Amino acid sequence: MSGILAHGVGSRGDLPIPLFYAYAGAFAALVVSFLALGLLWPDSRFRGEVAGRVLPLRLPAMSRMLRVVTLLIVGYTVGWLVLGPEEGNAGPHLVYVIFWVGLVPASLAFGPVWRVLSPLRLLPDRARRPLPPRLGYWPAAAGLLAFTWVELVSPEPAAPYTLLVFLLVYGCAHILATLRYGHAWLARGEAFEVYSTLIGQLAPFGRRADGRLVLRNPFDGLDAVRPAPGLVATVCVLLGSTGYDGFSGAPVWVEALQSGAPGRVVLGTAGLAGAIVLVAALYAGCLWLAGRIGGARGLAPRFAHSLVPIAVGYLVAHYFSLLVIEGQRAFVLALGLRAEVDLEAVSPATIAAVQVLAIVIGHVAGVVAAHDRSVRLLPPARAVAGQIPMFVLMICYTVGGLTLLLAA
């Protein structure tokens, strides 16, 4: 990737604690939470779409205005990509940093913000055909895979023309699909809306099944994620692509990309696909075993929501420093400011602490979500035993995440 997208400040030598203690703390948090839940949490407590305290707010008119403003910002970004200089072009920063990375904290704080901001929702909601249920989230999974391939694998990810081609193809595809299937397509098929919505399930704000805006426990929001085709694939793309992004900076992989006979793009594509397949295979295998132990079938889609906080933890850990440092550069370039980027806005120790905490908190939240769903779906006598494969999965993901971030 281009230098503008390099992230992380310092190295593992800047850790406030030795790497061994980072692993030990993560394992302790997972083990204690698993044991405590098994002993003290015998019944399901989350209420999903019916939970929350109603807020007296109405947003339809404001939403339209915000979408128009977002459309103008999209036009401004495209203008930079078309007319801006090759070097110091603000467009890639606006796409990769402000939009892609910025959606994570914005969605965590306020819910599915891209649903409110998306210019595609300015299109009329007049479906000519109902959205086939079998499609589910598969188009969103494909869209996220395409975007992460452009960002992590394509020959020149930060080149303006690369992003122009992607935005043109992506935009045309979703305009045509929205005109055919209405806004139902955007809720399930538009990659960035699905991305923001899944992250936004952990926000304190959400909507109940009756459509009313509520203040709620983030775990209730997470519990409201409904199983659907492609949901597991979507979350695995998020996990796997973020993991590959961390691994892609390892010296052994960089050397392989530079000197390997197949070429950088072929090897990069294989690496990205391999990371996603590995994440999915571990999940599918552990859920199959959980079903065997718990005496239930078809558990994989029903536990996909427990991967969302893990994915969010990886995203926060991996992109925190990128947002803080390169976010400054994005505004400096986009607004033509004569200002210097503060490369020491956050210390290496702070970044390392955020990385460890984000991964640990994400996995503990995943354990809590999985436990609550287990005691709801599995027979009481098998509920705790049935969670053991999921607990092993969490340990595998934790080891992998910490290793990629702190030891690569």
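The structure displayed is predicted, hence computed values, not measured ones.
Annotation: side chain of V104 is in contact with side chain of V316 (closest heavy-atom distance under 4.5 Å). By the 4.5 Å heavy-atom criterion applied to side chains, R302 and L377 are counted as neighbours. Side-chain contact check for V368 versus D372: every heavy-atom pair is 4.5 Å or farther apart. Put simply, the side chain of Y96 reaches to within 4.5 Å of the side chain of V150, judged on heavy atoms. Taking the side chain as every heavy atom from C-beta outward, W114 and L103 approach each other to under 4.5 Å. For the pair P119/V74, a side-chain contact is recorded, criterion being any heavy-atom separation below 4.5 Å from C-beta on. Within the 4.5 Å cutoff, the side chain of L333 has no heavy atoms near those of the N89 side chain. Under the 4.5 Å side-chain criterion, counting only non-hydrogen atoms from C-beta, F219 is not in contact with R45.
Atom CG of L215 is separated from atom CG of L55 by 5.5 Å, given to the nearest 0.5 angstrom. Between atom CH2 of residue W100 and atom CG of residue L323 there is a gap of 13.5 Å, rounded to the nearest 0.5 Å. Taking OG1 from T178 and CG from D125, the interatomic distance works out to 9.0 Å, rounded to the nearest 0.5 Å. For the atom pair S118 OG and L66 CG, the distance stands at 12.0 Å (nearest 0.5 Å). Residue I310 holds its CD1 atom at 12.0 Å from CG of L315, rounded to the nearest 0.5 Å. Distance CD1/I293 to CZ/R382: 10.0 Å, rounded to 0.5 Å.
When all heavy atoms of H174 and L120 are compared, the closest pair comes out as CB-CD1, 3.9 Å. For the residue pair I359 and A317, the shortest heavy atom distance occurs at CG1-CB, 4.0 Å. Residues A159 and E86 approach most closely at CB-OE2, 4.2 Å, considering heavy atoms. When all heavy atoms are compared, the tightest approach of A296 to L378 is CB-CD2, 3.8 Å. Smallest separation of non-hydrogen atoms from A365 and P309: CB-CB, 3.7 Å. Heavy-atom minimum distance, T398 versus Y314: N-OH, 4.0 Å.
Ion pair E49/R207 not flagged as a salt bridge, since none of the NZ, NE, NH1 or NH2 atoms sits closer than 4.0 Å to an Asp/Glu carboxylate oxygen. A salt bridge between R216 and D223 is absent, with no side-chain N of the basic residue lying under 4.0 Å from a carboxylate O of the acidic one.
The number of heavy atoms from other shown groups lying within 6.0 Å of CZ (F99) is above 12. Counting heavy-atom neighbours within 6.0 Å of W253 CH2, excluding the residue itself, gives a total above 12. Within 6.0 Å of CZ in R376 there are more than 12 heavy atoms belonging to other residues, nucleotides or ligands. Annotation: F110, atom CZ; neighbour count of heavy atoms from other residues, nucleotides and ligands within 6.0 Å does not exceed 12.
Between the R264 side chain and the V153 main chain, a donor and an acceptor come within less than 3.5 Å of each other. T162 contributes a side-chain N or O that, together with a main-chain N or O of E156, makes up a donor-acceptor pair within less than 3.5 Å. Judged by distance alone, the side chain of R297 and the main-chain N or O of G291 form no donor-acceptor pair under 3.5 Å. Distance alone, capped at 3.5 Å, is enough to place a donor-acceptor pair between the Y170 side chain and the A191 backbone. No donor-acceptor pair closer than 3.5 Å links the side chain of D220 to the backbone N or O of A51. Side chain of R188 to main chain of P133: no donor-acceptor pair is present (N/O by atom type, distance under 3.5 Å, no hydrogens or angles). Between the side chain of T70 and the backbone N or O of L117 there is at least one donor-acceptor pair closer than 3.5 Å.
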- Task: Decide side-chain contact (heavy atoms from CB on, under 4.5 Å) for Q328 and D342; before the verdict, give the C-alpha distance in whole Å, the side-chain angles of both, and the deciding distance to 0.1 Å.
- Result: CA-CA 8 Å; Q328 299 175 60; D342 183 4; 3.5 Å; yes
- Pair W288-L299, side-chain contact (heavy atoms from CB on, under 4.5 Å): steps then yes or no: CA-CA 7 Å; W288 175 84; L299 293 182; over 6 Å; no
- Task: Apply side-chain contact (heavy atoms from CB on, under 4.5 Å) to the pair I395 and V399, showing each step before the final yes or no.
- Result: CA-CA 6 Å; I395 291 178; V399 171; 4.3 Å; yes
- Message: Assess the residue pair L343 and I325 against the criterion (side-chain contact (heavy atoms from CB on, under 4.5 Å)); give the C-alpha distance rounded to whole Å, side-chain angles, the decisive distance to 0.1 Å, and a yes or no.
- Response: CA-CA 6 Å; L343 298 177; I325 304 301; 3.7 Å; yes
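With 3.5 Å as the limit, one finds no donor-acceptor pair spanning the side chains of Q201 and H305. With 3.5 Å as the limit, one finds no donor-acceptor pair spanning the side chains of Y319 and E326. Of the N and O atoms on the side chains of S107 and S196, at least one donor lies less than 3.5 Å from an acceptor on the other residue.
The aromatic rings of Y195 and F192 sit perpendicular, their planes meeting at an angle over 60°, well past the 30° parallel limit. A parallel orientation is assigned to the rings of Y181 and W185, their planes being inclined by less than 30° (bins at 30° and 60°).
In this structure, the ring of H371 has its center no less than 6.0 angstrom from the ring center of F46.
For F34, the ring-ring contact (aromatic ring centres under 6.0 Å, His included) partners at least two apart in sequence or on another chain are F391.
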Can you give the donor-acceptor pairs under 3.5 Å from side chains of residues 265-287 to other protein atoms, not counting sequence neighbours?
{"unit_1": "T269", "atom_1": "OG1", "unit_2": "W149", "atom_2": "NE1", "d": "2.9"}
{"unit_1": "T269", "atom_1": "OG1", "unit_2": "V265", "atom_2": "O", "d": "2.7"}
{"unit_1": "Y283", "atom_1": "OH", "unit_2": "A300", "atom_2": "O", "d": "2.5"}
{"unit_1": "Y283", "atom_1": "OH", "unit_2": "F303", "atom_2": "O", "d": "3.4"}
{"unit_1": "Y283", "atom_1": "OH", "unit_2": "A304", "atom_2": "N", "d": "3.1"}

